[in-house]
Structure formats: C-alpha cells, structure tokens
Amino acid sequence: MHKVIISLASNKEAKKNLSEARKCLEQILDEMSFSDCIRTRAIGTERICYYHNQLLFASTTLSADELVSRLKAIEQQMGRTAEARQQGIVCIDLDLLKYDEQRYHLRDWERPYVQRLLPQS
C-alpha cells in the first residue's frame, strides 16, 4: 500500500462538487481521511473568486501514474474543461501532492492553505 496526499479544490458549487469528488475517490482509495475544508481567495488572478480547499490522506495500491490518470478522469467526469479553466471556473481540481515520500506540485506545498491543512507534527 502506498500513502498519498491529494489536494481537492473547487470554486463552482464547491460544497456539492467536493462532496461528489469525495464519493468518487472512495471508489479508488483506501483508509481515507480528510482535513477540514477552508475557503481561500484565488491566487495569481485579478478576478475575485474563492475556492474551497481540502486535503485527502489515503492509501492506494495504484501506481502514481495510474492514480493521476484516475484523478484526471474524475475531473473530466465532473465537467472540468480547459475552456472553463481559462474563464477561471474550476468545478473540481484534484492534484496528487505526495505519493509515499515523493512530492508533486512543489509550488503548492508553499501555499498557505496547504501548510494550514497539513497535520502539525
């Protein structure tokens, strides 16, 4: 079993979309636990919008590549498109942050919401 951390984010019907994403993730992951969900302002845009962000801590037998592929499939299934993203609309964003000891999306680790949602050791 591999230990993973996944970031969940949404700025469109966020509560509904995060709930739906959690249900989808239950189908592919084991031993799931979630951080609190917090509301944050969008980073890197002049457009004023807010995201709901949450971290998922889980286990999986999938390889990192298989897991990323499944995350992208869930995003597409839930309606994520490049066109919507260009307009600043993110119904769901699922990013693999950590797979065992390997970190991904290194810039995200510096974001205040990720730091705030990680368990304090």
Residues 93-106 side chain polar contacts: donor-acceptor under 3.5 Å, at least two apart:
from	atom 1	to	atom 2	distance (Å)
Asp93	OD1	Arg80	NH1	2.6
Tyr99	OH	His2	ND1	3.4
Tyr99	OH	His2	NE2	3.2
Tyr99	OH	Leu62	O	2.7
Asp100	OD1	Lys3	N	3.0
Asp100	OD2	His2	ND1	2.7

Close side-chain approach of Cys24 and Gln77, heavy atoms under 4.5 Å:
yes

Hey, is the main chain of Trp109 close enough, under 3.5 Å, to the side chain of Gln115 for a donor-acceptor pair?
yes

Just do the side chain to side chain contact (heavy atoms under 4.5 Å, CB included) check on Asn53 and Cys37 with the steps written out, would you?
CA-CA 6 Å; Asn53 300 97; Cys37 185; over 6 Å; no

Mind checking whether Met78 and Leu71 sit in one hydrophobic cluster, side chains of I, L, V, M, F, W, Y counted as touching below 4.5 Å?
yes

With a 4.5 Å cut-off on side-chain heavy atoms, are Leu67 and Val4 touching?
yes

Set out, in order, the CA-CA distance, both residues' side-chain angles and the distance that settles side chain to side chain contact (heavy atoms under 4.5 Å, CB included) for Leu118 and Leu55, then state yes or no.
CA-CA 8 Å; Leu118 285 169; Leu55 296 181; 3.8 Å; yes

Can you tell me how far CZ of Phe34 sits from CG of Leu117, rounded to the nearest 0.5 angstrom?
12.5 Å

Check this for me, if you would: do Glu20 and Lys23 make a salt bridge, where the nitrogen-to-carboxylate-oxygen distance has to be below 4.0 angstrom?
no

At what distance, to the nearest 0.5 angstrom, does CZ of Arg116 lie from CZ of Arg111?
15.5 Å

CE of Met1 to OG1 of Thr60: how many Å apart, nearest 0.5 Å?
6.5 Å

For the residue pair Asp36 and Gln54, establish whether any side-chain heavy-atom pair is separated by less than 4.5 Å.
no

I'd like to know if the side chain of Ser63 pairs up with that of Glu66 as donor and acceptor (distance under 3.5 Å, no hydrogens or angles considered).
yes

Rounded to the nearest 0.5 Å, the OG atom of Ser35 sits from the CZ atom of Phe57 at a distance of 5.5 Å

Listed partners of Glu26 passing salt bridge (charged side-chain N to carboxylate O under 4.0 Å, His left out), at least two apart
none

Arg22 and Leu56: side chain to side chain contact (heavy atoms under 4.5 Å, CB included), yes or no, with the steps?
CA-CA 9 Å; Arg22 287 189 292 267; Leu56 163 62; over 6 Å; no

Hydrophobic cluster membership, with links at side-chain heavy-atom distances under 4.5 Å among I/L/V/M/F/W/Y: are Tyr51 and Leu8 in one?
no

Test side-chain contact (heavy atoms from CB on, under 4.5 Å) applied to Ala14 - qualifying residues, sequence neighbours left out
Ser10, His52

Nearest heavy-atom pair of Ile92 and Asn17: which atoms, and what distance?
CD1-O, 4.0 Å

Heavy-atom side-chain proximity of Lys12 to Val90 below 4.5 angstrom:
no

